[in-house]
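Residue numbers start from 1 in every chain, and the chains themselves are labelled A, B, ... in the order their sequence lines are given, proteins ahead of strands.
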2 protein chains.
Amino acid sequence: MTERLMNTLETPCLIIDAQRMDRNIQVMADMARNHQVNLRPHAKTHKIPAIALQQIEAGAVGITVAKIAEAEVMAAHGIRDIFIAYPLVTASKIERAIRLSQRIELIVGVDSLAGAQLLEQIAGRHGHSLQVRLEIDTGLRRTGVLYDQAAALAAEIAGMPHLRLTGIYTFRGSLLAGKPTLDIAAAGKEEGTLMVQLAERLRAQGIAISDVSVGSTPTAAYAAAVEGVTEVRPGTYVFHDRMQARLGACDLEDCAGSVLVTVVSRPSAELAIVDGGSKTFATDIQPGTEPLQLRGFGHILELEDATLARLTEEHGMIELGPQAQAANLRIGDKLRIIPNHICSTVNLHNHVVMQRDQAYKRLPVLARGMLE
Amino acid sequence: MTERLMNTLETPCLIIDAQRMDRNIQVMADMARNHQVNLRPHAKTHKIPAIALQQIEAGAVGITVAKIAEAEVMAAHGIRDIFIAYPLVTASKIERAIRLSQRIELIVGVDSLAGAQLLEQIAGRHGHSLQVRLEIDTGLRRTGVLYDQAAALAAEIAGMPHLRLTGIYTFRGSLLAGKPTLDIAAAGKEEGTLMVQLAERLRAQGIAISDVSVGSTPTAAYAAAVEGVTEVRPGTYVFHDRMQARLGACDLEDCAGSVLVTVVSRPSAELAIVDGGSKTFATDIQPGTEPLQLRGFGHILELEDATLARLTEEHGMIELGPQAQAANLRIGDKLRIIPNHICSTVNLHNHVVMQRDQAYKRLPVLARGMLE
């Protein structure tokens, strides 16, 4: 990115390097193709329909979202195959899902008998058959039926006339389950193996499970290599981020998203203040926490020993080591910072700046804040 | 809030109790009036022009914002007196500020010679006189000229023909400075005293400082009591939050903002999963950190020993103690949660639900994401 281009942008803004994004999209699509698994990227990372369409063009079978409101936005912009990987448990949302499923291919998550009964009841009222997947808890302890209760619940759901139980899914990742680990190969293999074993048990019960859907960005390739896994749902890979680089899922040079900030104050030799704080950089991945042990709230490009050490809402406090001090940062200088977690950082921005060669355009983050 | 009303709202959503907000606005306005100081609330908390207008109607002289883009939104919706309490250090933003200052009363922050020179240069080019305040660092170590360098810088700025240096300001709070403290009375008194002493020194140098502007929500009343303080700029008080209650700046019953969530999964007796995660609740005030030591990411109403212990992007994991388990939460049940930090939580939402008696309306958070 040239200095001239950087100086035409108001800050703070989130820049996406289109070439890196293109490559990330291609690499994951190739991985899925090589392992003969479907790729259904989670759109939570970008929340931008145009990028979802590009993922599909590269080979994805459709997308994953977390919210019915996100699915509605994506469908309104041309995405025709969506999995809401989240239990819908209120009548109004289920009604919306049924309306949407009359226009596009829609799959809905379910993880409880109560939830399944409500889906069945409302689908039945509409004379509609809803495609569902059962969510399995493989160690993360959030949504998902407990692993050893899955077979019984699957049998109940399979017996419901207006629900078509076609798959099982999980999200386990490597960081969030009981024992956070940097060993993404082992985590992915375990995730895949657990799910394939369960699918086989369900099939032995006579339940026609065709989709075994797993995988986060770090574990996707390892889970996809497990025989019997049919689909992976990575999200972050589209942009990658500092956390993924730390996990070994990418290099820092693969990170397509960076926040451009301006130095607004130099109160002392060891301190530079920039115009991005906790309303610009996500704070869900905190510095110094296990097992990532990231230094600061982002990776500052081209300043070796500088740390984005503290954030208030609109201020970022960068501590400068000896080398960074020698760079003699001045008020008005621009810096680029790769955030710790790109998904929740994109979520703070109304638009991203998509940069391709020396041209850029603003893309609105259309599904941002579509919480309800 | 009745159960019936709660059930008509899609979740997660951020509800504002209008009566509590009205009372918070009035209490702070009365406090300022009693101490004969100006009140210039920071609009960062709500980012909603209609609420800013209500604060002004209750007695505020104008508002404070952090960004030129926020000032533009507020001015477009009728706010006529705005202080951008942030250094503007790039030509394009200064140009925008000059344009805005031709339509409304505008004051701009400055904290460096380089910044002041650029303001002077651009204002001079337009033949315009820009009102500025000098930001002072009273211990927070972010923006602000160091206290003992303030007099020299003020003298330089006072000599610039197109800048009118009318005031000094600081933000210190009680939590963020070198020694975070729960003693908000002492913090407010110290903040006010430091600034009044500096103002007197500047006046002795012949610089006509009329505005001595200080104060956060917890310290406002104590700083306002210091003779010579002329203005306070609290923000959070409009809604209050769990952090302010912990600091003693309000009671939990004063908190006007709560997030309505739905229980989407009950994987075990001790765990309930709700549909609000780190894209719904801010994570900048982490549980268990000094000196607040908050338990979890929010205060769950009507469930004594329940803790919002973990967040992923769209999931909140609530750990249930014995009493909360006895409440027998079911899938589909609604809960209300007061966030740890309301300012950064509002910032995640495209709109708030303003509830007055049994009626409610959606108010867009118009200045949300106005980062540039």
Practice prompt. May I ask you to decide if Arg141(B)'s main-chain N or O and Arg310(A)'s side chain share a donor-acceptor pair within less than 3.5 Å?
Written response: yes

Discussion item. At a 4.5 Å cut-off on heavy atoms, which part of Val264(A) comes close to chain B: side chain, backbone, both, or neither?
Written reply: both

Fill in: Part of Val274(B) lying under 4.5 Å from any heavy atom of chain A
backbone

Response to the item:
Of the listed Leu118(A), Asp275(A), Val145(A), the one with the largest count of heavy-atom pairs under 4.5 Å with chain B is Asp275(A)

Worksheet entry | Segment of Gln117(B) engaging chain A (4.5 angstrom heavy-atom cut-off) | neither

Worksheet item: Looking at Ser112(B), Ser344(B), Cys343(B), which one has more heavy-atom pairs under 4.5 Å with chain A than the rest?
Response: Cys343(B)

Fill in: Most chain A-contacting option - heavy-atom pairs closer than 4.5 Å, from Lys67(B), His315(B), His351(B), Lys93(B)
His315(B)

Worksheet entry | chain A contacts, top residue of Asn347(B), Thr262(B), Asp137(B) (heavy-atom pairs, under 4.5 Å) | Asn347(B)

Worksheet item: Do you know the tightest heavy-atom contact between Gly144(A) and Pro267(B)?
Response: O-CB, 4.2 Å

Response to the item:
Comparing Thr90(A), Leu146(A), Asp111(A) against chain B, the one with the most heavy-atom pairs below 4.5 Å turns out to be Asp111(A)

Worksheet item: Is there a donor-acceptor pair closer than 3.5 Å between any side-chain N or O of Ser265(A) and the backbone N or O of Thr143(B)?
Response: no

Discussion item. For Val263(A) versus Val89(B), what's the shortest heavy-atom pair and its separation?
Written reply: O-CG2, 3.7 Å

Response to the item:
So, the part of Val346(A) with a heavy atom under 4.5 Å from chain B: the answer is neither

Worksheet item: Just wondering, do Glu10(B) and Ser92(A) contact through their side chains at under 4.5 Å, heavy atoms?
Response: yes

Discussion item. So, using side-chain hydrogen bond (donor to acceptor under 3.5 Å, both in side chains) as the criterion, who are the partners of Lys47(B) when residues are at least two apart?
Written reply: Glu70(B)

Fill in: For Glu313(A), all residues meeting side-chain hydrogen bond (donor to acceptor under 3.5 Å, both in side chains), sequence neighbours excluded
Lys279(A), Lys44(B), His341(B)

Fill in: Exercise: identify the closest heavy-atom pair between Arg368(A) and Asn350(B)
NH2-OD1, 2.7 Å

Discussion item. Can you tell me which portion of Leu271(A) sits under 4.5 Å from chain B's heavy atoms? Options are side chain, backbone, both or neither.
Written reply: side chain

Worksheet entry | Proximal component of Glu319(A), with respect to chain B [non-hydrogen, under 4.5 Å] | neither

Discussion item. Distance check, rounded to the nearest 0.5 Å: Leu348(A) atom CG versus Leu348(B) atom CG?
Written reply: 6.0 Å

Worksheet entry | Pair Thr289(A)-Gln286(B), side chain to side chain contact (heavy atoms under 4.5 Å, CB included): steps then yes or no | CA-CA 12 Å; Thr289(A) 51; Gln286(B) 292 271 315; over 6 Å; no

Fill in: Residue, of Glu314(A), Arg266(A), Met317(A), Gln149(A), that accumulates the most heavy atom pairs under 4.5 Å with chain B
Glu314(A)

